[in-house]
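A short write-up of the structure that comes next.
Throughout, numbering of the chain's residues begins at 1 and tracks the sequence. For clarity, every value in this text was computed on a predicted model and none was experimentally measured. Note: hydrogens, waters and symmetry copies are ignored here, and every other heavy atom, side chains too, is used. In listed order, ligands and their atoms are each counted from 1.
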Amino acid sequence: MTSSTVIADLRSDTLTQPSPDMREVMMSAQTGDDVYGEDPTVHELEQYVAGLLGHEAGLFCPTGSMSNWLGVRSHVAPGAEVVCDDLAHIVRAELGSHGAFAGVTTRTWPAHIADTPVGQIQPDVISDLTTPKAGPYLVSTAAISVENTHNFGGGTIQPLDALRQVSTFAHENNVALHMDGARLWNACAATGHSLAEYAALCDTVSVCLSKGLGAPVGSLLVGSQHIIDEARVWRKRAGGGMRQIGMLAAAGRYAIDNHRVDLFRDHRNAVKLATAIAEAAPHALDPATVETNIVAANVANPVEIVELAATRGVRASALGKTTVRFVTYRDLTDEAIAHATSVLSDIFACAVALP
Ligand SMILES: *Cc1c(COP(=O)(O)O)cnc(C)c1O
């Protein structure tokens with residue numbers, strides 16, 4: 001299939017294209033050498049996002065993977081551990097960077113816990129796994145990392161009261177709390193809570209501008225001034241010192257100011273897709289579990305589903321052995337969503353094998 005026949009590409013919200021107005025703003029952005037600390041547009045964005053999240057300082061990073069890595073490594077000395085769930089992006093999709101470049105070890109709690117949405121945290125499961133000050137024989141836990149929304153869990157939102165409990169437990173035990181908030185914007189759009197309400201519970205938070213918000217590149221790490229100063233050094237050490245990136249920061253700021261509102265539509269479109277799939281194959285998913293812009297269907301033949309959908313102009317991702325994932329985002333037209341809804345409804349009615 002050539003890309004010209006693709007009608008709805010639902011593989012990821014990273015496929016968003018910079019909008020025409022965003023490109024204009026990038027063209028006229030003020031720039032300077034950011035390694036010298038002289039790019040005013042980057043400064044502004046870092047302060048703005050830190051402010052939105054209620055933290056002292058922020059650092060613009062090329063990717064969410066780097067931003068997560070900088071956050072986690074700021075808490076975890078080589079040989080110590082971060083605990084997270086077994087579907088977390090930091091342990092599944094960052095290619096082992098935390099171990100490879102910072103000596104961080106990990107243990108995981110299960111993302112699948114009976115009767116709760118996949119990826120949703122359970123405070124007692126986390127506290128049971130966490131071993132702060134484990135002594136000279138066992139690995140000590142230095143940080144807990146939670147993902148909000150949870151990507152491979154299907155866009156699951158972390159409940160604020162559960163996060164509060166984890167935060168209290170962590171801080172009573174001198175363990176840091178990092179949040180992989182790549183899609184924290186989506187959690188806020190869905191719940192009405194502010195970014196700061198979530199972020200205030202954490203020591204560091206990483207947010208992405210390059211997912212549903214539609215910036216071409218960029219993530220930010222926020223935390224205390226001390227952590228961010230140190231992260232700036234480590235970013236450069238890792239080869240992530242960038243020069244006239246005001247053009248990228250301007251795109252990010254534009255995305256925050258103008259595209260956050262589009263997330264509501266993304267969420268509605270995800271429910272449309274999920275409803276059509278569930279009508280055709282009720283066991284593949286429960287539309288009530290679709291909280292944001294990600295639809296994860298449970299099937300025994302994800303690769304076949306993806307291939308079949310592709311022949312009819314709908315692209316999706318096969319994740320693991322039993323998940324096919326569809327992600328909505330601002331560039332998908334109403335026609336594309338309608339087409340995808342009808343194609344997926346056909347395919348799930350006749351071709352899906354259930355695990
Ligand atoms: C996309 C994503 C990231 C960051 O990914 P990059 O491709 O490195 O920017 C981190 N966490 C989650 C949950 C993500 O979905």
Side-chain angles (χ1 to χ4, degrees), residues 10-16 18 49 53 58-73 82 84-98 100-102 104 106 108 111 117-121 143-158 163 177-190 195 198-199 202 204-222 231 234-235 238-240 242 245 248-249 251-252 255 263 266 270 291-296 316-317 319-320 323 325-329:
L10 304 174
R11 286 172 303 162
S12 175
D13 50 10
T14 56
L15 297 165
T16 44
V49 173
L53 291 159
L59 181 70
F60 186 84
C61 295
T63 64
S65 296
M66 183 182 278
S67 170
N68 276 331
W69 175 75
L70 289 169
V72 169
R73 73 139 302 287
V82 60
C84 61
D85 74 84
D86 58 12
L87 291 182
H89 195 279
I90 67 163
V91 290
R92 269 192 102 197
E94 297 178 6
L95 288 297
S97 62
H98 301 263
F101 307 132
V104 171
T106 50
T108 54
V118 182
Q120 184 176 304
I121 55 171
I144 296 166
S145 179
V146 298
E147 191 168 310
N148 193 20
T149 66
H150 199 294
N151 180 348
F152 299 132
T156 312
I157 298 165
Q158 303 303 349
L163 270 173
L177 182 58
H178 173 74
M179 179 178 283
D180 176 356
R183 294 184 183 78
L184 190 56
W185 320 96
N186 295 81
C188 294
L195 294 157
Y198 290 106
C202 308
T204 46
V205 181
S206 167
V207 291
C208 290
L209 306 171
S210 57
K211 305 286 168 77
L213 290 188
V217 68
S219 289
L220 284 104
L221 179 71
V222 302
W234 279 88
R235 183 188 65 173
M242 300 169 286
I245 47 171
L248 301 178
L263 300 177
D266 297 347
E291 301 179 83
T292 54
N293 69 326
I294 302 177
V295 178
S317 306
L319 294 176
T323 305
R325 188 189 70 173
F326 310 94
V327 187
T328 57
Y329 53 93

Q) Which pair of non-hydrogen atoms, one from Leu70 and one from Arg235, has the smallest distance, and what is that distance? A) CD2-N, 3.7 Å
Q: Could you list which atoms of ligand 1 come closer than 4.0 Å to a heavy atom of Thr63?
A: 8 (O), 9 (O)
Q) Can you name the nearest heavy-atom pair linking Lys211 to Ala182, along with the distance? A) NZ-CB, 4.0 Å
Q: Flag Ala182 as yes when one of its N or O atoms lies below 3.5 Å from any N or O atom of ligand 1, and as no otherwise.
A: no
Q.
Counting non-hydrogen protein atoms only, what is the nearest one to atom 5 (O) of ligand 1? Give residue, atom name and distance.
A. His89 CE1, 3.6 Å
Q: Can you figure out which of Thr149, Asp180, Thr14 has its heavy atom closest to atom 11 (N) of ligand 1?
A: Asp180
Q: Looking only at protein heavy atoms, identify the closest one to atom 2 (C) of ligand 1 and say how far it is in Å.
A: Lys211 NZ, 2.2 Å
Q. Under 3.5 Å, side chain of Thr63 to main-chain N/O of Met66, donor-acceptor pair present?
A. yes
Q) Is any NZ, NE, NH1 or NH2 atom of the basic residue among Arg183 and Asp13 found under 4.0 Å from an Asp or Glu carboxylate oxygen of the other? A) yes
Q: Among Thr156, Asp180, Asp85, find the one that has a side-chain hydrogen bond (donor to acceptor under 3.5 Å, both in side chains) with His150.
A: Asp85
Q.
Please verify the inter-ring angle class for Trp234 with Trp69; under 30° counts as parallel, over 60° as perpendicular, anything in between as tilted.
A. perpendicular
Q: Indicate yes or no for a side-chain donor-acceptor contact from Ser317 to the backbone of Leu319 under 3.5 Å, with no hydrogens or angles considered.
A: no
Q) Counting both backbone and side chain atoms, is some N or O of Glu94 under 3.5 Å from an N or O of ligand 1? A) no
Q. So which heavy atom in the protein is nearest atom 9 (O) of ligand 1, and how far is it from that ligand atom?
A. Gly64 N, 2.8 Å
Q.
Regarding atom 15 (O) of ligand 1: of the candidates Glu147, Arg183, Arg92, which has the closest heavy atom?
A. Arg183
Q: Around atom 8 (O) of ligand 1, find the nearest protein heavy atom and jot down its residue, atom name and distance.
A: Ser65 OG, 2.6 Å
Q: Please could you name the atoms of ligand 1 that Asn68 approaches to less than 4.0 Å, counting only its heavy atoms?
A: 10 (C), 11 (N)
Q) Considering distance alone, does some N or O of Ser210 sit under 3.5 Å from an N or O of ligand 1? A) no
Q: Ignoring hydrogens and angles, tell me if any N or O in the side chain of Glu94 forms a donor-acceptor pair with the backbone of His98 under 3.5 Å.
A: no
